Engineer: 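Have a look at this one.
Lettering follows sequence order; numbering is per chain, from 1. The model shown is predicted, which means the values in this text are computed figures rather than measured ones.
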There are 2 protein chains.
Amino acid sequence: MTPLSDPRPSRTTIREVAQHAGVGIKTVSRVVNNEPNVAPATAARVRASIEELRWEPDALAANLRRTTTRTRTIGLLLGSVSNPFAAAIHRAIEDVAAHRDVAVFASSLDDDPAREVAAVEAFVRRKVDGLILTCVAASQAYLRELVPPDMPIVFIDREPAEFAADTVHSDNVEGARMATRHLLGFGHRRLALLIDRREIWTARERERGFLLALDEFGIAPETATILDGLSDHVAAERAVLSVLGAPNAPTAIVSGQNLITVGAVHALRKLGRHRDVALIGFDDLELADLMDPGVSVVAQRPQEIGDVAAARLFASLDAGRRLDPAPIIVPVDLIPRGSGEIRPPSA
Amino acid sequence: MTPLSDPRPSRTTIREVAQHAGVGIKTVSRVVNNEPNVAPATAARVRASIEELRWEPDALAANLRRTTTRTRTIGLLLGSVSNPFAAAIHRAIEDVAAHRDVAVFASSLDDDPAREVAAVEAFVRRKVDGLILTCVAASQAYLRELVPPDMPIVFIDREPAEFAADTVHSDNVEGARMATRHLLGFGHRRLALLIDRREIWTARERERGFLLALDEFGIAPETATILDGLSDHVAAERAVLSVLGAPNAPTAIVSGQNLITVGAVHALRKLGRHRDVALIGFDDLELADLMDPGVSVVAQRPQEIGDVAAARLFASLDAGRRLDPAPIIVPVDLIPRGSGEIRPPSA
DNA sequence: TTGAAAGCGTTACCAT
DNA sequence: ATGGTAACGCTTTCAA
């Protein structure tokens with residue numbers, strides 16, 4: 001029977017390096033950590049030994065005794081890693097992190113409060129240096145006992161409740177308001193708003209913007225149709241099909257999200273009404289410009305959100321403590337492409 | 001001056017638990033690790049103490065001495081976390097991993113060999129349990145000295161060179177062949193193939209499938225136009241614009257990739273020829289079915305790729321060693337939507 | 001400027 | 001079935 005290969009390949013240790021360089025263990029430690037009080041000549045000798053023995057410090061062991069433990073790792077919780085908006089944020093954060101030799105754990109929330117807590121627990125257990133979170137639970141108070149008090153946290157896309165922390169998100173209210181105003185400006189008076197579940201903060205914010213715009217134009221909210229609870233394109237398609245079949249159907253639609261827009265476009269196509277019912281989506285879609293008519297959207301800036309969130313997190317990390325919570329609002333851009341510039345039949 | 005908060009919040013240790021339960025340290029260790037030889041009564045007492053003191057074992061410290069170290073962490077290297085194809089794979093892998101309480105480090109390759117090596121180094125330094133990699137370097141031989149010999153590795157999307165390991169990817173040759181055959185079947189005789197840089201394995205494979213189909217139909221490869229080095233939609237658009245302007249321009253286009261398809265559609269629209277030049281893309285696009293004409297594609301199955309890759313990785317992990325390398329080929333699906341069913345002018 | 005010894009929180013080994 | 005002690009690879013403390 002052949003002997004099994006050693007399950008624990010003997011790594012070189014700091015001890016061997018010290019011996020090889022003819023110095024004490026602590027001096028090697030000083031060198032690799034750039035601590036002062038090492039004679040240049042000694043340092044050089046140590047570095048040569050490290051090189052020669054191809055030693056790499058064991059980060060895990062180092063953190064065991066260190067007071068200010070740094071795993072050079074952060075936890076990122078996204079709506080879903082496969083959602084294009086989230087994936088773009090992810091990419092931006094990764095780029096900043098990679099630059100600092102920090103690795104990123106990525107998880108998907110799936111708008112499930114239980115997953116939110118589980119993900120944070122998993123991150124904390126792995127001793128990440130900081131957290132960038134998308135939240136959906138009714139309250140984030142649980143973080144106070146789950147997360148070490150010094151660990152920086154930045155929320156993205158949605159504001160937390162009962163927990164003060166940095167937050168980076170789009171200007172949802174203004175975006176929805178712009179979209180709605182835009183449609184009203186083209187003469188529409190009967191509008192529909194399609195939004196996700198109201199548990200989701202952005203859905204509520206976008207509804208707020210929608211209502212503000214109606215108010216500006218002196219339109220009674222009752223004349224508008226607001227459909228909520230739409231979390232995928234199938235539900236959205238069904239909703240649009242039914243709402244357009246009703247009497248006094250809306251002449252324009254504001255979609256509160258990515259997947260809802262896709263569902264709405266499907267429905268309009270199916271009804272053959274994509275040229276006479278106006279539509280503006282929230283969040284951009286790839287190929288939206290190549291559709292006929294092009295799909296007008298309020299585009300978010302996911303890369304900017306990621307950039308800013310990462311910058312905040314690393315600022316706290318560099319400071320060694322949570323900085324004063326700052327809410328950062330990233331602008332959105334209304335992109336007219338055709339579908340949002342359709343006039344109502346009567347106008 | 002207010003005292004700084006203790007930077008190292010004193011965690012409860014196994015020692016305190018042992019004392020509280022009135023047992024030895026090792027017995028507590030036995031209980032949490034489900035080792036045999038603990039009396040049920042003792043175990044219950046220990047568990048109660050753990051509960052009461054809210055102790056959580058320090059995974060880092062545990063791994064320090066453990067022979068079979070498990071960080072419950074894997075490293076995933078993708079083309080780019082923001083590419084929809086890669087993001088879908090990511091999601092599938094995450095779902096499998098989350099189920100086993102394993103966290104996923106995700107990084108982007110950006111088709112840069114240097115990033116490939118750097119990412120693997122970063123993963124290994126953090127002592128991941130396994131690797132799922134997309135590769136682009138000319139050889140993966142470097143893995144032999146960079147990665148511990150027992151660490152499982154699964155390649156996705158592209159085959160490695162000079163390194164034997166599990167590989168999970170689409171049937172690229174057959175996919176390209178199907179697409180090409182499909183166009184030839186509609187009567188096209190002058191085809192163009194647009195592919196990414198030839199350093200990329202999938203580009204070469206898809207070219208192979210393209211040429212095989214031409215051969216089947218007895219068409220000389222010289223009559224086809226093959227443009228390579230197309231890595232984004234801008235380059236692809238430019239390429240299509242120029243190739244369609246040339247004499248004896250192709251009547252049908254096979255696009256070798258996501259972004260190339262987008263560029264090609266843009267170009268065809270710009271020329272107003274989207275209804276008379278046929279196009280089949282490799283890899284599906286969201287909204288492709290809503291375009292006019294719908295964009296026919298050879299769709300990959302990213303979720304299946306992710307599922308299978310994760311299954312292989314965890315199989316190796318469970319076995320405690322790298323299993324015999326198996327190449328797994330995932331089928332592709334030709335989805336006709338209109339653009340691929342356009343006939344040539346003369347036919 | 002340097003290093004010996006103690007300690008980090010756990011698992012491995014070997015008694016009992 | 002149980003526990004004492006060494007050990008993991010490093011940082012910290014403190015004396016030299």
Side-chain angles (χ1 to χ4, degrees), chain A residues 4 6-47 49-50 53-72 124-127 148, chain B residues 4 6-47 49-50 53-72 124-127 148:
Chain A
L4 295 172
D6 184 358
R8 191 184 195 93
S10 58
R11 310 174 71 273
T12 26
T13 77
I14 195 175
R15 242 181 307 268
E16 307 173 58
V17 174
Q19 190 154 33
H20 185 275
V23 300
I25 250 177
K26 176 64 212 186
T27 299
V28 178
S29 172
R30 283 198 182 90
V31 171
V32 296
N33 293 304
N34 293 314
E35 285 171 37
N37 292 333
V38 176
T42 316
R45 205 142 36 85
V46 170
R47 255 183 273 275
S49 295
I50 291 175
L53 300 182
R54 310 173 105 263
W55 174 66
E56 291 183 39
D58 182 325
L60 271 55
N63 277 325
L64 194 54
R65 188 69 163 85
R66 228 193 275 273
T67 45
T68 167
T69 164
R70 285 278 181 273
T71 54
R72 305 199 79 79
V124 170
R125 222 175 23 233
R126 289 182 177 77
K127 307 229 183 313
Chain B
L4 294 173
D6 185 357
R8 191 185 194 95
S10 59
R11 310 175 73 273
T12 24
T13 77
I14 194 174
R15 240 181 308 266
E16 306 172 57
V17 174
Q19 190 153 33
H20 185 274
V23 300
I25 244 176
K26 177 65 214 186
T27 299
V28 178
S29 173
R30 282 196 183 91
V31 171
V32 297
N33 292 305
N34 293 315
E35 284 172 36
N37 293 331
V38 175
T42 315
R45 207 143 35 83
V46 170
R47 255 184 272 274
S49 296
I50 290 175
L53 300 181
R54 312 173 102 266
W55 173 67
E56 291 183 39
D58 182 325
L60 270 56
N63 277 323
L64 191 55
R65 189 68 164 89
R66 230 194 273 274
T67 45
T68 166
T69 165
R70 285 280 181 271
T71 53
R72 304 199 80 78
V124 170
R125 222 176 23 233
R126 289 180 178 79
K127 307 228 185 313

Engineer: Output the rounded distance in Å from NZ (A/Lys127) to C1' (C/dC8).
Structural biologist: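 The distance from NZ of A/Lys127 to C1' of C/dC8 comes to 12 Å, rounded to the nearest Å.
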Engineer: How would you label the contact of B/Pro36 with the nucleic acid (heavy atoms, under 4.0 Å): base, sugar-phosphate, or nothing?
Structural biologist: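 No contact.
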Engineer: Apply the test side chain to side chain contact (heavy atoms under 4.5 Å, CB included) to residues A/Asn33 and A/Arg66: give CA-CA distance (whole Å), side-chain angles for both, the deciding distance (0.1 Å), then the verdict.
Structural biologist: CA-CA 12 Å; A/Asn33 293 304; A/Arg66 228 193 275 273; 3.7 Å; yes
Engineer: What does the inter-axis angle of the helix from C/dT1-D/dA16 to C/dT16-D/dA1 come out as, five pairs per end, nearest 10 degrees?
Structural biologist: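 Between the first-five-pair axis and the last-five-pair axis there is 30°.
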Engineer: Give the minimum heavy-atom separation between A/Val28 and A/Trp55, together with the two atoms involved.
Structural biologist: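 Taking A/Val28 first and A/Trp55 second, the nearest heavy atoms are CG1-CZ3, 3.9 Å.
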Engineer: Do any side-chain nitrogens or oxygens of A/Thr27 fall under 4.0 Å of OP1 or OP2 in C/dT2?
Structural biologist: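 It does not, given that no N or O in the side chain of A/Thr27 lies less than 4.0 Å from OP1 or OP2 of C/dT2.
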Engineer: Using side chain to side chain contact (heavy atoms under 4.5 Å, CB included) as the criterion, list what pairs up with A/Ala61, not counting sequence neighbours.
Structural biologist: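 A/Ala61 satisfies side chain to side chain contact (heavy atoms under 4.5 Å, CB included) with A/Asp58, B/Leu64 once adjacent residues are dropped.
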Engineer: What is the distance from atom OG1 of B/Thr12 to atom CD1 of B/Ile50, rounded to the nearest 0.5 Å?
Structural biologist: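 One gets 10.0 Å once the value is rounded to the nearest 0.5 Å.
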Engineer: Using a heavy-atom cut-off of 4.0 Å across all strands, would you classify A/Asn37 as base, sugar-phosphate, or nothing?
Structural biologist: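 Base: the residue A/Asn37, judged by heavy atoms under 4.0 Å, touches a nucleobase.
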Engineer: Which whole-number value in Å describes the distance from B/Asp58 CG to C/dT11 P?
Structural biologist: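 Rounding to the nearest Å, CG of B/Asp58 and P of C/dT11 are 10 Å apart.
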Engineer: When the distance from CG of A/Leu60 to C1' of C/dT10 is rounded to whole Å, what number comes out?
Structural biologist: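 Nearest whole value for this atom pair: 12 Å.
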Engineer: Who passes side chain to side chain contact (heavy atoms under 4.5 Å, CB included) against B/Ala43, sequence neighbours left out?
Structural biologist: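 Partners of B/Ala43 by the side chain to side chain contact (heavy atoms under 4.5 Å, CB included) criterion, ordered by chain and then number, come out as B/Val31, B/Val38, B/Arg47.
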Engineer: Could you check if a side-chain atom of B/Pro148 sits within less than 4.5 angstrom of a side-chain atom of B/Val124, using non-hydrogen atoms only?
Structural biologist: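 SC-SC contact between B/Pro148 and B/Val124 confirmed.
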Engineer: Considering all heavy atoms of both residues, which atom of B/Arg126 and which atom of A/Thr71 are nearest to each other, and what is their separation?
Structural biologist: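 Heavy atoms of B/Arg126 and A/Thr71 come nearest at NE-O, 3.7 Å.
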Engineer: Do the side-chain N or O atoms of A/Thr13 get closer than 4.0 angstrom to the phosphate oxygens (OP1, OP2) of D/dC8?
Structural biologist: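 The answer is no; no side-chain N or O of A/Thr13 sits under 4.0 Å from OP1 or OP2.
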Engineer: For nucleotides 11-13 of chain D, print each protein N/O atom paired with a nucleotide N/O atom at under 3.5 Å, atom names and distance only.
Structural biologist:
| unit_1 | atom_1 | unit_2 | atom_2 | d |
| --- | --- | --- | --- | --- |
| D/dT11 | OP1 | A/Asn33 | ND2 | 2.9 |
| D/dT11 | OP2 | A/Ser29 | OG | 2.7 |

Engineer: Nearest to the side chain of B/Arg15 - C/dC8, D/dC8, C/dT2?
Structural biologist: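 Between C/dC8, D/dC8, C/dT2, the one nearest the side chain of B/Arg15 would be C/dC8.
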Engineer: Under the salt bridge (charged side-chain N to carboxylate O under 4.0 Å, His left out) rule, what pairs show up with a residue in residues 29-38 of chain B, not counting sequence neighbours?
Structural biologist: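 Only B/Lys26-B/Glu35 qualify under salt bridge (charged side-chain N to carboxylate O under 4.0 Å, His left out).
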Engineer: Can you list everything that forms a salt bridge (Lys or Arg N to Asp or Glu O under 4.0 Å) with A/Arg125? Sequence neighbours excluded, please.
Structural biologist: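 Listed in chain order: B/Asp101.
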